[in-house]
Amino acid sequence: MDRTNQPRVRFAPSPTGYLHVGGARTALFNWLYARRERGTMLLRIEDTDVERNRPELVDGILAGLKWLGIEWDEGPYFQSQRLDMYRSEAKRLLVSGAAYACYCKASSYAGADAAPAADSEEEQEGEGDDEGPKTRKNVACPCREMSEADRAAREREGVPAAIRFGIPRIGATTFEDAVFGSREVQNAEIEDFVLLRSNGLPTYQLSVVVDDLDMRITHVIRGADHLSNTPKQVLLYRALGAEPPIFAHVPLILGPDRTRLSKRHGATSVSSYADEGFLPEAFRNFLALLGWSPGDDSEFLRTSELMERFSLAGVSRTNAIFDRPKLEWFNTQYLQKLPIEDLLPCVADELRRANLWNGSQAAADPGWFARAVDLIRPRTRFLQDFTTWSRGFFTDDFDFEPEARAKFWKDERLPGMLGKLADALAALPEWNHDACDAALRQLASAEGVKAGLLINATRVAILGRAVAPPLFESMVILGQDRVASRIRRALPALSAP
RNA sequence: GGCGAUAUCGUCUAAGGGUUAGGACGUGGCCCUCUCAAGGCCAAAAUCCGGGUUCGAAUCCCGGUAUCGCUACCA
């Protein structure tokens, strides 16, 4: 089968941190594109920076992608296992004259003015801000023009050399970006960047191009922070005798303060959203709409629809702010609108996590489980809601919430009335919504109280909470025996001060 | 500092020369009600500023401003 026309995309995180929402969104776009176009997505771990690299984080990134439901078709490949290829390609460029050896000390370039102490201080206000020299010229490495004799001398001395790419002095480099359109950059603006460090490890620019070429990547979909460096890579592709792939840079995701999303904005790792009880599909829907629009007013888009409708043309060019309330809204929508059979496995997992699954009616009776979840879900916002305030549906082991007691158990006639209610309910020949309703209202009018008083008090008695689903539906789910015994069990607590 | 990109309600966005500038989140109000949600209805809320081009500009052009990105032997 001829697959030459099928796109190949990749997600290429570097294990310097967990999988954050920006990376997740990039991964999602790649995945949606691959699925839409019946292409192939591969995963590549960019771990060429030995100092920042933390191998133990790879598992977390993989786990984050799995939770998101993003499946790659090839990989993961590790750049750390492909070093020979980068070295030989660098050598090729050296031989062809596209690159040159640089004998300068790394420190004379590295972080020359960069690394402004990582997001710490703002320089204080005031006028006298004739600050330190922030000026920076393009790197014009003297080694580029070094004579052969000098070069040989350095080699003899064993001076460690980096390999730099020699940017053409004149002309411009152009490329097409599927999102930002056609781009042109003057070569004079581009500095001779390093391809291979003096320690023999490749830089990002080299490894990314070599790999994308070797892996036959057709579409590079990545964050817009790479847009400015793309001309370097285009030049590199050409120097390697290849045509560049199609680029598609997607806008960045910012925090509410419009700065790059980072730890101090709170949850930025995908796993924290998993822990918080978000549904993966809701998260995908939310993420997909951050920087992409289907073109109409559709918002609730299940993953299958995203895969049908995603296109690079719909990607925005404007950075987007991560809007937590909207994410929560999506989660609520999914909890309530998902076909019940799609939701059940997620709830079952949550019950297992809370140790409420084994031996429960939920595990034993699928039909009952579905009815119970359906009753509870209109009031849920997170998966945890099934094991916190609604745990009374899945176990007898729950407490009477103090606020609920204070609010609905005030009336001192309640113990007597609920005792009678328990008897009346236990004696019902049939157990359904209307029978329970009638029994309770009959008692209320006989006692001369409003039905609401009994309803609210009973809800607390059988579920322990002031906030729970409507009473009679809850009774039906719980069953006659359990309801009667729970009411009786509550009586002592009810009469306690 | 240099280079570049971007700019529509507070937020995500639609409208790619002609609309009362639409939808959604959030906010406020009303309805529903057995608690609390959900839901329904209503409301306030935007074309960054200034110049052009045009009969007509959110849309095209220029300038300014702001924001973001890049400017590393990080990715």
Side-chain angles (χ1 to χ4, degrees), chain A residues 12-14 16 46-49 51-53 102 104-115 131 133-139 160-164 180 183 185-186 188-191 193-199 201-205 207-208 222-232 249 251-252 254 256 258-260 286 289-300 316-330 332-333 335-336 377-381 385 389 404 407-408 437 440 450-456 458-460 465-472:
Chain A
S14 88
T16 53
E46 310 219 315
D47 53 352
T48 56
D49 183 351
E51 297 192 359
R52 297 169 194 235
N53 198 22
C102 165
C104 303
K105 281 212 275 291
S107 58
S108 63
Y109 293 110
D113 68 25
E131 284 298 307
K134 281 283 166 55
T135 44
R136 179 194 185 79
K137 292 290 185 315
N138 289 342
V139 169
I163 296 180
R164 276 183 194 280
F180 286 86
R183 313 273 315 191
V185 175
Q186 294 304 313
E189 297 291 338
I190 308 174
E191 66 285 358
F193 59 95
V194 170
L195 297 169
L196 201 67
R197 302 172 172 79
S198 50
N199 66 7
L201 291 173
T203 62
Y204 167 75
Q205 313 287 3
S207 57
V208 76
R222 70 205 335 180
D225 48 342
H226 291 292
L227 188 58
S228 300
N229 279 326
T230 301
K232 295 176 186 170
H249 288 91
L252 270 15
L254 309 178
R258 295 181 177 282
T259 64
R260 218 177 195 167
F286 168 72
L289 259 19
L290 227 43
W292 174 77
S293 162
D296 59 21
D297 289 341
S298 313
E299 292 245 82
F300 188 87
S316 153
R317 286 169 300 281
T318 317
N319 291 168
I321 292 174
F322 188 87
D323 186 26
R324 163 94 191 193
K326 190 147 191 176
L327 169 60
E328 293 190 8
W329 176 79
F330 270 112
T332 306
Q333 291 296 304
L335 282 166
Q336 304 184 3
R377 66 163 163 170
R379 262 149 279 258
T380 55
R381 294 183 70 77
D385 290 329
W389 61 260
K407 188 171 179 189
F408 292 127
D437 189 316
L440 183 140
K450 283 198 282 195
L453 176 71
L454 289 182
I455 288 171
N456 289 327
T458 306
R459 181 184 293 108
V460 180
R465 296 285 170 149
V467 176
L471 183 65
F472 304 118

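Keep in mind the model is a prediction, meaning the values are calculated, not measured. Chain naming here is simple, since letters A, B, ... match the order of the sequence lines and numbering starts at 1 in each.
- The side chain of A:F180 approaches B:rU6 more closely than any other nucleotide in the set B:rU71, B:rA75, B:rU6.
- For the pair A:S293 and B:rC12, the criterion of a side-chain N or O lying under 4.0 Å from OP1 or OP2 is not met.
- At the heavy-atom level, A:G291 lies under 4.0 Å from the strands shown only through sugar-phosphate atoms.
- The same atom, C1', is picked in B:rA58 and in B:rC49; the two are 14 Å apart, to the nearest Å.
- Taking only side-chain nitrogens and oxygens, A:N229 comes nearer than 4.0 Å to OP1 or OP2 of B:rU71.
- The side chain of A:R258 lies closest to B:rU11 when the candidates are B:rC12, B:rU71, B:rU11.
- Rounded to whole Å, the separation between the P atoms of B:rG2 and B:rU20 comes to 45 Å.
- Spacing of P atoms, B:rG22 relative to B:rC48, comes out at 16 Å, to the nearest Å.
- Distances from the side chain of A:T318 to the nucleotides B:rU8, B:rG69, B:rC3 place B:rU8 closest.
- Taking the C1' atoms as reference points, B:rA21 lies 8 Å from B:rU8, given to the whole Å.
- Taken to the nearest 0.5 Å, the CD atom of A:E191 stands 9.5 Å off from the CD atom of A:E189.
- Distance check, rounded to the nearest 0.5 Å: CZ of A:R260 to CG of A:D225 gives 5.0 Å.
- Among all heavy-atom pairs drawn from A:R377 and A:L335, the shortest one is CD-O, 2.8 Å.
- In this model, no side-chain donor or acceptor of A:T203 finds a partner on the base of B:rC73 within 3.5 Å.
- Among the nucleotides B:rC73, B:rC12, B:rA75, the one closest to any side-chain atom of A:A320 is B:rC12.
- Between the NE2 atom of A:H249 and the P atom of B:rC70 there is a distance of 11 Å, rounded to whole Å.
- If you take atom P in B:rC61 and the same atom in B:rA5, they sit 12 Å apart, rounded to whole Å.
- Across all strands, A:Q186 comes closer than 4.0 Å to no nucleic acid atom at all (heavy-atom distances).
- Taking CG of A:L290 as the reference point, atom CG of A:L252 lies at 11.0 Å (rounded to 0.5 Å).
- Nucleic acid contact class of A:R317 (heavy atoms, under 4.0 Å, all strands): sugar-phosphate only.
- As rounded to whole Å, 17 Å separates atom P of B:rA66 from atom CG of A:N319.
- Base pairing of B:rA66 is made with B:rU6, judged by Watson-Crick or G-U wobble geometry with both donor-acceptor distances under 3.5 Å.
- Here the OH-NZ distance, from A:Y204 to A:K232, works out to 10.5 Å after rounding to the nearest 0.5 Å.
- Distance noted for atom C1' between B:rC32 and B:rA38: 11 Å (whole Å).
- Within the 4.0 Å cut-off from OP1 or OP2 of B:rA75, at least one side-chain nitrogen or oxygen of A:R197 is found.
- B:rG16 sits 26 Å from B:rG52 when the P atoms are compared, rounded to a whole Å.
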Original post:
Base, backbone or nothing for each nucleotide of nucleotides 20-38 of chain B, written B, S, -, heavy atoms under 4.0 angstrom, 5' to 3'?
Top reply: --BSBS--------BBBBS
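- B:rA24: Watson-Crick or G-U partner is B:rU11, with both key distances under 3.5 Å.
- At a threshold of 4.0 angstrom between heavy atoms, the contacts of A:T16 with the nucleic acid are absent.
- For A:D225, whose side chain is taken as the heavy atoms from C-beta onward, the closest listed nucleotide among B:rA75, B:rG69, B:rC73 is B:rG69.
- Both distances falling under 3.5 Å, in either a Watson-Crick or a G-U wobble arrangement, place B:rG39 opposite B:rC31.
- Among the atoms of the strands shown, none is found under 4.0 Å from any heavy atom of A:R377.
- When the P atom is compared between B:rG23 and B:rG40, the two are found 14 Å apart, to the nearest whole Å.
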